[in-house]
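Notes for the one structure printed next.
Labels below follow one simple rule: chain letters A, B, ... track the order of the sequence lines, proteins then strands, and each chain is numbered from 1. The model shown is predicted, which means the values in this text are computed figures rather than measured ones.
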Protein chains: 2
Amino acid sequence: MNVIDESGILAIATRLQRLSEQLRKDGTLIYKAHGLDFEPKWFPVIYTLHLRPVLSVVEIANEIGYTHPSTISLLKELEKEKLIRSKRDKADERKRLIQLTAKGQELIGRMQPVWEIIIATLTEVTNTQNNLMLAIGEVEEQMKQLSFFERAKRIGQTD
Amino acid sequence: MNVIDESGILAIATRLQRLSEQLRKDGTLIYKAHGLDFEPKWFPVIYTLHLRPVLSVVEIANEIGYTHPSTISLLKELEKEKLIRSKRDKADERKRLIQLTAKGQELIGRMQPVWEIIIATLTEVTNTQNNLMLAIGEVEEQMKQLSFFERAKRIGQTD
DNA sequence: TGAATATATGTAGTTAACTACGTATACTTG
DNA sequence: CAAGTATACGTAGTTAACTACATATATTCA
């Protein structure tokens with residue numbers, strides 16, 4: 001066991017990130033193994049448009065929890081891949097409305113079975129004594145109630 | 001609730017990363033609030049050298065679980081901050097031995113109480129029904145037994 | 001109704017990790 | 001013991017997110 005794993009909770013951010021990166025790398029391999037040219041980072045945008053077919057840039061950004069510049073750069077890649085297209089909103093000229101192309105919808109169809117496999121695998125790997133999915137949700141909820149910084153401030157005062 | 005949180009386990013990598021980033025941001029604020037000029041990303045290196053006072057570049061990289069180029073760039077920053085120093089290993093001229101400076105050790109002394117607060121806060125926020133710290137450890141262990149990709153391959157075949 | 005404010009999108013530059021590759025020293029082995 | 005291999009460190013370039021700033025359009029309210 002190394003120093004960081006031993007340092008426990010102090011290095012939690014590092015470990016979360018490491019885990020995320022590992023899952024993403026393996027995700028890329030899984031798509032590739034099924035002959036799909038798809039990057040895991042595209043998932044949030046594609047899945048969002050799958051559920052809500054026409055959205056503006058900022059609406060997508062809010063749904064996926066990214067900033068709008070990050071979203072714009074993902075959208076650029078997806079547009080280059082011809083998986084999405086966009087047009088100005090006639091009712092509000094500031095907005096650009098994004099939607100899946102036929103190619104994008106067709107790709108989703110082919111990804112569905114792979115998603116099933118990924119879901120089953122993630123379920124297997126996270127279904128331990130303390131369920132990671134649930135744990136994340138619970139921590140997110142905690143921090144929505146009162147941010148980490150605010151909690152530290154409070155604890156620091158009463159210490 | 002947004003689409004990504006609803007998509008459940010498929011967007012787990014995104015959520016892990018988001019959480020990690022949030023904790024890191026708040027970490028920066030906490031150090032600053034205690035008058036400390038310290039970035040959370042430095043923690044793994046500094047803490048490793050605190051426990052094991054003299055290490056080479058690659059030894060540190062292995063301890064903190066980063067690649068050596070990432071480690072080198074952290075070490076450069078820390079050297080500029082005069083928190084660490086380094087010298088050639090006389091027994092093996094390829095190696096550079098890294099250690100804390102007096103300033104680095106003194107900073108650790110001042111960080112200790114802040115670390116206590118961070119630990120208490122993280123404990124509070126992660127000590128929900130499913131403990132995030134334990135969950136991460138359990139998932140890491142699972143994936144050490146058999147990688148995520150290998151598991152997906154197996155599940156994909158028997159599906 | 002026009003001035004101030006808010007919203008939507010876009011661009012530029014930063015950050016913190018990575019991979020790929022190169023060089024120097026050390027080790028191993030035919 | 002020299003040639004090949006392994007190890008340690010370093011550099012260059014990439015990636016995928018970010019913040020800060022800029023511009024265009026829409027909304028609000030004095």
Rounded to whole Å, the CD1-P distance (I72(B) to dC21(C)) equals 17 Å
Sorted by chain and residue number, the salt bridge (Lys or Arg N to Asp or Glu O under 4.0 Å) partners of R96(A) (sequence neighbours excluded) come out as E79(A)
Which ILVMFWY residues are connected to V58(A), directly or by a chain of links, through side-chain heavy atoms under 4.5 Å apart?
none
According to side chain to side chain donor-acceptor pair (under 3.5 Å), who are the partners of Q145(B), at least two apart in sequence or on a separate chain?
E141(B)
To the nearest Å, how far apart are E59(B) CD and dC9(D) P?
8 Å
Using salt bridge (Lys or Arg N to Asp or Glu O under 4.0 Å) as the criterion, list what pairs up with K80(B), not counting sequence neighbours.
none
Under the 4.5 Å side-chain heavy-atom rule for ILVMFWY, direct or indirect, which residues accompany V54(A)?
L97(A)
Which of residues 87-96 of chain B sit near DNA chain D, with a heavy atom under 4.0 Å from it?
R94(B), K95(B), R96(B)
Atom pairs under 3.5 Å: protein N/O with N/O of nucleotides 16-20 of chain C:
residue: dA16(C); atom: OP2; partner: K41(B); partner atom: NZ; Å: 2.3
residue: dA17(C); atom: OP1; partner: R24(B); partner atom: NH1; Å: 3.0
residue: dA17(C); atom: OP1; partner: Y66(B); partner atom: OH; Å: 3.0
residue: dC18(C); atom: OP2; partner: T67(B); partner atom: N; Å: 3.2
residue: dC18(C); atom: OP2; partner: T67(B); partner atom: OG1; Å: 2.8
residue: dC18(C); atom: OP2; partner: S70(B); partner atom: OG; Å: 2.2

By salt bridge (Lys or Arg N to Asp or Glu O under 4.0 Å), which residues pair with K95(B), not counting sequence neighbours?
none
May I have the distance from N62(B) (atom CG) to dC9(D) (atom C1'), rounded to whole angstrom?
13 Å
Sequence-distant partners of Q17(A), side chain to side chain donor-acceptor pair (under 3.5 Å), two or more places apart:
R24(B)
With under 30° as parallel and over 60° as perpendicular, where do the rings of H50(A) and Y47(A) fit, or are they tilted in between?
tilted
